[in-house]
Amino acid sequence: MRTALVIGTGLIGTSAALALAQRGVVVHLEDHDPGQARTAAALGAGTDEAPEGPVDLAVVAAPPAHVAAVLADAMRRGVARGYLDVASVKGGPRRELEALGLDPSVMSRYIGSHPMSGREKSGPLAATGDLFEGRPWVLTPTRDTDTEVLNLALELVSHCRAVPVVMDADAHDRAVALVSHMPHLVSSLVAARLENAEEAAVRLCGQGIRDVTRIAASDPRMWIDILSANPGPVADLLTDVSADLEETVRALRALQSSDEAKRRDGVDGIEDVLRRGNAGQVRVPGKHGAAPRAYEVVAVFIDDQPGQLARIFADAGRAGVNIEDVRIEHATGQQAGLVQLMVEPKSAAVLSAALKERGWAIRQ
């Protein structure tokens, strides 16, 4: 791949363009908002000048509701040898594109894709060239997909340092409903409980509520586009969640009963949902997509001052300990916090001793 055209210069499109440009591909940028394309160009993602002829690959980064129309327009203009979209829903846009009556030879030059990466922020200014690094990038070829186009798509994924995953389009849509779309709505429902909550209650928020509600900060307009393109699978999953919620409410009400048998029934109901949650959580892939691993936590008290984290990581490095993951809890109303360092069990004692020796306060 020597040349590419990125149509749509939001977060995903600009991030892909940055990754391609950093690897020597000549990238042209196009957007319905010329100002946004100029912004992406100023960031080093390419040029907002039109290509003189067909490029190797056109990457359509439009919302799901507009993907088919944008792809069809690009195909009719003959802007590229191959065409790819990065929408988060695959089955619907492909069927819409097929319904537009494009020549089969043109349709064979298209492949659907979905990089499983993003941020709560949107637009070109939120883009980074390493957004997709190490993340799954789903490709949904059909029997009619041209081999050259599949190879171009694989080259794009390689340039973005992502991990290619081949799936059927409808299977992909069911999967993302489970691991992305439904959880986003559940996160929003939890966060919505905070909107009118008493200030005294909100001030008690800790890391748990931050984890659960983090993705609720995303742009509602973007998510309306996504959910409108995949409503059925998401609704099916929420129906199951609703049934679990009803059973959980029933169990909690039973815990309030003065009848011992009802209370035991309530305990069994709550224990069931918690144990099923445990069983599901352990299936979430761990670091680098590998099987999840159990880490030990070394908790360090810090002042909220510049350079504290850098010092901790440097001291851990001197002790020969790799930090697998990190979490920060900020103290309410104080310029202090607790850094939780996740390490291999065999390294926990070594790290604790090394940090104590260097003056850090360790929570036992």
Side-chain angles (χ1 to χ4, degrees), residues 11 14-16 18-23 43-45 115-121 123-137 157-163 203-215 217-218 281-282 284-364:
L11 168 67
T14 303
S15 294
L18 285 167
L20 290 173
Q22 289 165 5
R23 284 153 185 78
L43 294 171
M116 298 296 294
S117 184
R119 300 180 64 189
E120 292 77 43
K121 299 179 180 180
L125 292 176
T128 63
D130 61 357
L131 182 67
F132 313 108
E133 189 163 343
R135 300 297 301 159
W137 190 310
V157 174
S158 176
H159 281 319
C160 292
R161 295 181 180 174
V163 180
R203 286 178 61 81
L204 298 179
C205 286
Q207 193 60 45
I209 193 70
R210 293 190 185 97
D211 287 345
V212 170
T213 61
R214 178 184 61 82
I215 56 176
S218 299
Q281 195 279 330
V282 298
V284 177
K287 191 175 180 182
H288 307 308
R293 302 179 65 176
Y295 297 122
E296 283 200 26
V297 176
V298 176
V300 187
F301 292 102
I302 65 167
D303 296 325
D304 194 3
Q305 297 177 3
Q308 293 282 78
L309 283 177
R311 283 182 52 214
I312 290 178
F313 289 135
D315 288 345
R318 293 187 189 99
V321 176
N322 184 52
I323 305 300
E324 304 290 344
D325 204 350
V326 64
R327 175 178 291 177
I328 304 174
E329 293 187 19
H330 298 281
T332 302
Q334 300 180 35
Q335 296 301 307
L338 186 70
V339 177
Q340 296 180 332
L341 306 172
M342 271 69 92
V343 299
E344 294 281 357
K346 64 182 180 182
S347 301
V350 175
L351 180 60
S352 293
L355 293 179
K356 283 181 181 178
E357 184 180 333
R358 290 174 171 81
W360 294 102
I362 307 298
R363 187 178 74 175
Q364 301 300 325

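Keep in mind that this is a model prediction, so the values were computed, not measured. Quick note: residue numbers are just sequence positions, from 1.
Across all non-hydrogen atoms, the minimal contact from Val326 to Val339 is CG2-CG1, 3.7 Å. Taking both residues in full, the closest heavy atoms of Ser347 and Val343 are given as C-CG2, 4.2 Å, listed atom of the first, atom of the second, then distance. The shortest non-hydrogen separation linking Phe132 to Ala16 is CE1-N, 3.5 Å. When all heavy atoms are compared, the tightest approach of Val350 to Ala319 is CG1-O, 4.1 Å. Of all non-hydrogen atoms in Trp360 and Phe301, the two that sit nearest each other are CE3-O, 4.1 Å. Summarising the geometry of Ala19 relative to Cys160, their closest heavy-atom pair is CB-SG, 3.8 Å, with the distance given to 0.1 Å.
Not counting sequence neighbours, the partners of Arg327 by the side-chain hydrogen bond (donor to acceptor under 3.5 Å, both in side chains) test are Asp211. Take Asp130 and apply the side-chain hydrogen bond (donor to acceptor under 3.5 Å, both in side chains) test, not counting sequence neighbours, and it matches Thr128. The side-chain hydrogen bond (donor to acceptor under 3.5 Å, both in side chains) check on Arg161 picks up nothing, with sequence neighbours excluded.
Residues Thr14 and Leu125 are not in side-chain contact: their nearest non-hydrogen atoms beyond the backbone lie 4.5 Å or more apart. Residues Glu344 and Tyr295 meet the side-chain proximity criterion, which asks for heavy atoms closer than 4.5 Å. Gln308 has its side chain out of reach of Ile312: every pair of non-hydrogen atoms, C-beta onward, lies at least 4.5 Å apart.
Atom OG of Ser352 sits about 8.5 Å away from atom CD of Glu296, to the nearest 0.5 Å. Note that CG of Leu355 is 11.0 Å distant from CZ of Arg318, once rounded to the nearest 0.5 Å. Distance CG/Asn322 to CE/Met342: 12.5 Å, rounded to 0.5 Å.
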Apply the test side chain to side chain contact (heavy atoms under 4.5 Å, CB included) to residues Leu204 and Ile209: give CA-CA distance (whole Å), side-chain angles for both, the deciding distance (0.1 Å), then the verdict.
-> CA-CA 10 Å; Leu204 298 179; Ile209 193 70; over 6 Å; no
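Within 6.0 Å of CZ on Arg358 lie more than 12 heavy atoms contributed by other residues, nucleotides or ligands.
With hydrogens and angles disregarded, a donor-acceptor distance shorter than 3.5 Å links the side chain of Ser117 to the backbone of Leu131.
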